[in-house]
Structure formats: structure tokens, C-alpha cells
There are 2 protein chains.
Amino acid sequence: MKDIALRAGVSESAVSFALNGRPGVSPVTRERIRRVAEQLGWQPRAAARALSGEGSATVGLVLARPARTLGVESFFLQLVSGIQEELSERGLGLLFQVVEGLDAECATYRRWWAEHRVDGVLVVDPRQDDPRPDLLGGLGLPAVMIGDADRATADDESPAVSTLGADDAGIMAAIVSHLHALGHRRITHIAGLPEFAHTQRRIASLRAEAARLGLTEATSVTTDYSDSEGAAATRRVLDQPQPPTALIYDNDVLAVAGLAVALERGIRVPDQLSLVAWDDSVLCRSVHPALTAPLRDTAAFGRHAAQALTALLDGAPAGHTQEPLPRLEARGSTGTAPATAPQEGRSGPRQTS
Amino acid sequence: MKDIALRAGVSESAVSFALNGRPGVSPVTRERIRRVAEQLGWQPRAAARALSGEGSATVGLVLARPARTLGVESFFLQLVSGIQEELSERGLGLLFQVVEGLDAECATYRRWWAEHRVDGVLVVDPRQDDPRPDLLGGLGLPAVMIGDADRATADDESPAVSTLGADDAGIMAAIVSHLHALGHRRITHIAGLPEFAHTQRRIASLRAEAARLGLTEATSVTTDYSDSEGAAATRRVLDQPQPPTALIYDNDVLAVAGLAVALERGIRVPDQLSLVAWDDSVLCRSVHPALTAPLRDTAAFGRHAAQALTALLDGAPAGHTQEPLPRLEARGSTGTAPATAPQEGRSGPRQTS
DNA sequence: CGCAAAGACTAAAGCGCATTAGCTCTTCGC
DNA sequence: GCGAAGAGCTAATGCGCTTTAGTCTTTGCG
């Protein structure tokens with residue numbers, strides 16, 4: 001910067017003014033300085049900038065999931081990819097951290113805050129009684145809860161925390177309607193981790209929809225999102241005396257694992273059993289039969305989250321944004337329910353080809 | 001820090017010395033300062049630290065893949081997870097960026113370097129005639145090429161660039177041996193992007209192994225790693241007059257897509273066709289039949305990469321590390337080759353159940 | 001014509017830490 | 001007993017940028 005000032009024959013302050021669009025330099029001087037800076041390929045040093053008032057030009061994202069379930073869902077990289085699109089435009093960096101649990105996640109926020117390493121954070125996997133909005137609100141660290149949050153908390157206490165909602169209820173309604181229209185009356189929902197708020201919302205939505213449609217046999221079982229628990233839960237459910245004719249899985253991995261169990265048992269999909277995956281992904285399209293799934297635009301979701309955060313960083317008040325309802329793409333894994341003979345024993349599990 | 005100095009009754013310098021383990025303070029004073037600092041929950045501000053000589057305590061990782069193939073492989077998140085384990089211990093942050101292409105990737109390195117935003121970078125997907133080692137070497141930005149690199153370049157020009165090699169040749173040899181032992185004589189390799197160095201190495205290794213074993217029909221076709229190209233390539237290969245009896249896929253997504261094609265055509269796996277996936281993942285274990293795959297410890301791979309980088313940051317000379325050869329896990333997708341009747345027309349494709 | 005106000009620019013302070021030079025007091029060696 | 005050495009600490013400087021408080025010049029207007 002000193003160089004630029006020297007070569008342009010002005011003071012360092014003038015350079016700073018010129019390059020940051022501040023008033024105090026004539027248009028002609030400004031242009032001259034701009035040219036010199038560009039010629040020298042100058043870029044402000046991030047640390048210096050951060051030290052003198054500006055933020056760190058970085059937002060944080062921490063992923064707290066057991067290692068076992070990491071890296072299986074397409075969801076996160078898609079989300080991050082969308083987040084980046086928005087952040088890059090604003091010249092913001094993304095500080096990324098993978099940790100084991102919630103405590104470590106909170107510790108990470110505290111550290112980032114203390115070190116002034118990030119200007120804000122994006123928070124995923126909202127939970128029931130989530131301590132994070134309060135924590136972040138208390139620290140005054142701008143944040144966006146991705147995938148909704150307890151509204152009660154969000155409203156009162158933490159004006160720095162925005163929320164971005166996915167329409168879990170709407171999606172669940174669409175799925176259940178789809179299955180109901182195909183004649184399914186016994187539906188089981190293989191859900192994810194019970195401590196996640198969206199898991200609870202989905203479970204509640206299933207119950208509500210079932211009530212609305214008069215379905216008496218619509219239940220949810222929770223898993224840890226891992227393939228092994230997905231397979232185990234599927235086995236358990238299919239072993240019931242009156243197994244369901246349709247299964248709803250909370251993510252693609254669970255669904256694929258479930259599909260494998262069905263194939264392994266010689267159960268024909270979708271003739272004998274219909275499957276729905278909550279998240280669409282390459283996975284859902286790759287397996288045979290392809291899995292019916294809601295077509296969420298995850299990258300857009302990430303983009304919107306990043307937008308909500310940048311708005312917050314610009315001083316806008318915290319708010320709530322709702323994602324539009326995605327379309328449910330019917331694929332090969334869902335079909336008309338098998339003829340409902342009252343004595344269902346024969347079409348149950350254990351049909352080894 | 002001023003606070004700490006005040007409360008401990010010493011100067012700021014003493015605090016700095018004490019907290020950074022520098023000589024110049026008595027043990028008892030040091031302990032007192034430590035206690036006060038802890039009590040106040042003090043953390044050095046990252047920007048200030050970076051400004052005064054220290055590095056930015058951050059390393060960068062940029063992912064340059066077409067959006068289509070993003071977020072499908074478990075590989076990356078696993079890798080990142082391993083990287084983090086190592087970095088966290090050293091208090092280093094990970095700045096993460098997703099871009100569309102190689103040019104954007106290089107631009108990102110330049111910007112990070114100019115802004116002093118990172119102390120070093122981890123580079124994935126080495127390519128043929130890769131411009132990145134030279135670029136990074138030229139900038140003097142410490143870097144680790146993950147998954148080997150052109151040794152020629154690495155040796156001479158860029159003393160700041162280490163390489164971490166995966167034993168592609170060894171894995172390919174193991175796979176081919178496995179298939180050969182099962183009686184397979186016609187093998188096709190559905191590879192990834194041809195511009196990646198490891199793709200070329202795998203192709204070359206297949207050729208070498210085939211020559212060694214006297215296989216005349218061992219070929220490779222390249223794809224962009226996407227499920228659609230994986231499926232398309234599989235169809236094309238199976239449509240040949242003398243289709244192969246075994247397919248080797250360069251990642252899990254390709255393999256799963258290929259498996260779906262086989263199932264769709266009613267080709268029994270592994271009775272009529274054996275499949276091998278290069279990367280193991282939940283995916284490979286979830287589908288039915290489960291896919292034979294080499295059990296690479298991807299998290300360890302990431303850990304080692306991070307270790308190589310921290311070594312570099314500590315001033316160690318650049319070097320090359322080699323990952324151990326992973327074990328090939330035989331699963332349901334590989335079996336003995338179908339009886340090789342000279343007239344093979346019947347067991348070809350188009351067997352609709 | 002004189003004075004105020006606006007415009008263009010510079011000097012200097014400060015952000016929070018690390019570091020170097022310097023200062024004081026004790027201890028040791030001869 | 002006196003100088004040197006060293007331990008324990010403080011004062012001051014600098015990192016590269018932003019920003020505030022000026023300085024100087026020009027312009028407008030009564």
C-alpha cells in the first residue's frame with residue numbers, strides 16, 4: 001500500500017479512501033490510484049483489515065455429526081456449494097469445521113468468537129431445546145439456523161439469529177398424499193436422529209397427516225442416519241406381523257440401505273413395498289429401482305442461508321425465511337399398494353427368492 | 001491482554017511472554033498470569049496475531065469439480081474429517097472453497113496468497129501437466145498434493161510442495177489379481193476424468209497388470225464421475241459383442257450406477273457380471289449385492305495430508321509420503337466368472353428377467 | 001473584496017498482539 | 001569488593017490497514 005501511495009504520488013490515506021470508495025479523493029486521483037493498485041496486483045492483507053475495525057470477512061460452518069454418518073449424504077456438499085456461490089460474490093471466506101458432538105460445536109463457536117475469527121456462522125441441524133441460538137445470541141455472533149428452529153427462542157432472546165425454514169410438514173404431507181393415493185394404508189417412517197428438530201417435525205407431520213386421512217397405522221422409528229441402523233430398522237419393521245406397505249426414509253442413505261434389505265429378502269419394489277427417500281441425490285437416481293424423493297434444491301437452500309447471513313452482517317434485523325415446497329418426484333420405488341388381503345401373513349418378510 | 005496485565009500486575013509484554021512459553025518470566029509469575037488469563041477466558045485475536053508476524057493459522061482447501069459430480073462421493077467429507085482431526089490439534093482452521101474449474105481454483109490460491117489468508121494449502125485431484133505445483137511453488141505457498149503428482153515437477157521446481165501418494169498401481173494390481181483368480185479374462189475399467197493424474201495411473205496400471213497376466217481384453221473408458229456417465233458407459237460396454245465379465249469403477253457413484261444398469265437389464269450380479277468399486281463407502285455396503293472395494297482409510301489419508309502440511313509449515317523440507325496399500329474387501333458383487341463358452345451371445349445383455 | 005464553506009488531501013493515532021531493546025536488581029567469579 | 005553475567009521485567013516499536021483530525025486550496029456568495 002505504501003508502494004501504491006508512492007507511485008501514485010499520494011498519501012496512504014488517499015489510497016485507502018480511493019480503494020474503498022470513500023469520499024475524500026477526486027475522481028481523477030481515484031482512478032489513477034485504482035490503476036496503480038491493479039497494476040501492482042495489490043490485495044489488502046486480511047489480517048490488517050480485520051484488525052482495524054472491519055470484520056474478518058469470514059463466516060463459519062461447523063458440522064457436528066458422528067463420524068459414522070459423515071460423508072454419506074450428498075446434502076452437505078451441495079449445501080456448501082450453494083453457500084459458497086453467495087459468499088464468493090461478497091468476498092467472504094468459509095471457515096469449515098467438523099466435530100464430533102454438540103459440545104465441541106459450541107466450543108468452536110466460543111473460540112471463533114473469542115478469536116474474532118468469523119463475522120457470523122451458519123448453523124445446521126437445529127435441535128429440540130437447542131442451546132445454540134441462545135449461545136450465539138448471547139455472544140452476539142450473527143447466525144442463521146438452517147432448517148428452522150424453535151421459534152419461541154428465536155423470537156425473544158436472540159435478535160442476532162435468523163432462521164431459514166424448510167417445509168418439512170409440507171413435504172411430509174405431499175409424500176403421504178402420494179402414498180395414500182396409491183392405496184397405501186400402512187406407512188412407516190424411518191426417521192433420523194430424534195434430537196433434531198426437523199426429525200420431530202416430520203414425525204409430528206406424519207401423525208397429523210395420518211389423522212387427517214384416517215390412517216391408523218402410521219408410525220415413526222428413529223435411527224442415527226447410518227446405513228446400518230437404516231437396514232436394522234427396516235428389518236425390524238418388515239418383521240412385524242402386519243408390515244407396512246410403504247416406507248418413508250429420512251435421507252438417501254437410509255433409503256438405499258432399506259432398499260438393499262428388501263432386495264436381499266426378495267421383496268419386490270414397488271410391487272410389494274413402496275419406498276420414499278426424503279433427500280434426493282445421485283444415489284436415489286442410481287439405484288434400481290430409482291427412489292421416489294422430493295426434489296429439494298439444496299444448493300439454493302445454501303444460497304438462501306448465506307443471503308440471510310449477509311443480510312444480518314449488513315445490519316438487517318434477524319428474520320425468518322421459508323423455503324418453497326419442493327416437488328415430489330415419483331420414481332420406480334413407489335407403486336400401487338399390494339392387494340390388501342386381510343390375511344397378510346404370506347406376503348410378509350422372509351421370502352427368500 | 002491489557003486487562004490481564006493489569007490484574008496480574010505486570011506489563012503486557014510479560015503476559016505475551018508467559019502465555020507463549022517464551023523465556024523472560026519467572027515460573028511463579030508465569031503461572032499467575034496463566035491463571036488470570038484463564039479466568040478471563042482470554043483468547044488471542046487471530047487478526048492481531050497474524051498481523052504481527054505469525055501466520056494466519058489457517059490452511060486452505062479448494063474443491064474444483066463440476067457441480068454435477070459434487071457431493072456424491074463420500075470421499076471428500078471423509079478426507080476433510082481426517083484433515084480436521086490433525087488441524088484442530090494444532091489450532092489451525094480450514095478455509096474451504098468450492099469452485100467450478102481449475103482456473104478459478106488457481107485464482108483462489110493467488111487471492112489467498114495475496115491476502116495472506118492461509119499459511120498453506122491442501123491440493124486434491126492432481127492432474128496431468130498440473131499447473132498448480134508450479135503456481136504454488138512460485139508463490140512460495142506451502143502445499144501438499146494429495147494423491148501424488150508428477151514427480152518430475154515436484155522435485156525440481158517447487159521445494160514448498162510436498163506430495164502424498166496413494167498406491168493406485170498397487171490397488172489396481174490387487175483388483176485385477178482378485179478378478180483373475182476368479183476366472184475373469186475380459187475386464188473393463190470405467191474410469192474417472194481423464195485429466196486427473198490418478199486416472200491415468202490407474203489406466204496404465206490396468207494395462208500393465210493385464211500384460212503381466214496375459215489378458216488381452218482389458219480396456220479403460222473414461223467418464224466425468226457422474227452417475228449418468230457411469231450408467232451410459234456401462235450400457236455401452238455391455239452392448240459390445242463380447243462384453244466383459246468384470247467391471248472396475250473408479251468411484252462408488254459410478255459403480256452404483258453401473259449396478260443399477262445391470263439390475264435393470266436383469267443381469268445377475270455376480271453370477272453373470274462382477275463389479276468392483278474403487279472407493280469404499282456406505283454406498284458400497286448399502287446396495288445389494290454389496291460392492292467389492294478396496295478399504296482405504298480415507299480419514300487417515302486426510303490426516304496424513306494435514307501432517308505433511310504442518311511439517312512443511314514447521315520448516316521441514318518438502319517430501320513425498322506414500323499411503324499403505326489398502327486391503328481389497330471382496331463382497332457380493334464379485335464372483336467366479338461365468339463359464340466361458342466360446343459362443344457368448346446368450347449370456348450377453350438384454351436379458352429382461 | 002473578503003470570508004465562509006466545501007473539496008482534496010495529509011498526518012497521526014489506533015486496532016491487539018509479538019518482539020526487541022533497555023533497564024534494574026541479584027548473583028557469581030576472581 | 002567490584003565488574004560481569006544473567007534473570008526478570010518494562011517500554012517502545014512495528015505489522016498493514018482504517019479512520020479521525022487536521023491542513024491547505026479552491027470556490028461561492030454577500
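Fair warning: this is a prediction, and the values are worked out from it, not measured in the lab. A note on names: the letters A, B, ... follow the listed sequences, proteins ahead of strands, and every chain is numbered from 1. Every heavy atom of this structure was used, including side-chain atoms; hydrogens, water molecules and symmetry mates were not.
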Pair B:Ser13-B:Ser16, side-chain donor/acceptor within less than 3.5 Å: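 No, no side-chain donor-acceptor pair sits under 3.5 Å.
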
Any side-chain donor near an acceptor of the partner, B:Ser56 and B:His116, under 3.5 Å: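 Looking only at side-chain atoms, B:His116 and B:Ser56 do not form any donor-acceptor pair under 3.5 Å.
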
Salt-bridge contact B:Arg132-B:Asp125 (side-chain N to carboxylate O under 4.0 Å): no

B:Gln84 side chain reached by B:Leu94 side chain, heavy atoms, under 4.5 Å: yes

Would you mind classifying the nucleic acid contact of A:Gly53 as base, sugar-phosphate or nothing, using non-hydrogen atoms under 4.0 angstrom?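 Nothing: the residue A:Gly53, judged by heavy atoms under 4.0 Å, touches no strand.
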
Answer with base, sugar-phosphate or nothing: what part of the nucleic acid does A:Met1 contact at a heavy-atom distance below 4.0 Å? base

side-chain N/O [X] vs [N] OP1/OP2, d < 4.0 Å:
X	N	result
A:Trp42	D:dG16	no
A:Arg49	D:dG16	no
A:Ser52	D:dT19	no
A:Arg22	D:dT18	no

Which pair of heavy atoms, one from [X] and one from [Y], lies closest together, and at what distance?
X	Y	result
B:Ala306	B:Glu86	CB-CB, 3.5 Å
B:Ile33	B:Leu19	CG2-CD1, 3.8 Å
B:Leu92	B:Thr58	CD2-N, 4.2 Å

For DNA chain C, the residues among residues 7-20 of chain B that have a non-hydrogen atom under 4.0 Å from it: B:Ser13, B:Ser16, B:Phe17, B:Asn20

Hey, what do you get for CG (B:Leu63) to CZ (B:Phe76), rounding to the nearest 0.5 Å?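 If we round to the nearest 0.5 Å, B:Leu63:CG and B:Phe76:CZ are 4.5 Å apart.
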
How close or far is atom [atom2] of [N] from atom [atom1] of [X], stated in whole angstroms?
X	N	atom1	atom2	result
B:His116	D:dC17	NE2	P	9 Å
A:Ile33	C:dA8	CD1	P	12 Å
A:Glu31	C:dA8	CD	C1'	17 Å
B:Glu54	D:dC15	CD	C1'	12 Å
A:Arg45	D:dG16	CZ	P	5 Å

Using C1' atoms of five pairs at each end, report the bend of the helix from C:dC1-D:dG30 to C:dC30-D:dG1 rounded to 10 degrees.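 Computed angle between terminal axes is 50°.
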
Stepwise, does the side-chain contact (heavy atoms from CB on, under 4.5 Å) test hold for A:Leu135 with A:Arg110? CA-CA 9 Å; A:Leu135 169 65; A:Arg110 284 182 198 281; 3.4 Å; yes

Between B:Val25 and B:Leu51, which is nearer to the 5' end of DNA chain D once each is assigned its nearest nucleotide?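 Its nucleotide being nearer the 5' end, the pick is B:Val25.
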
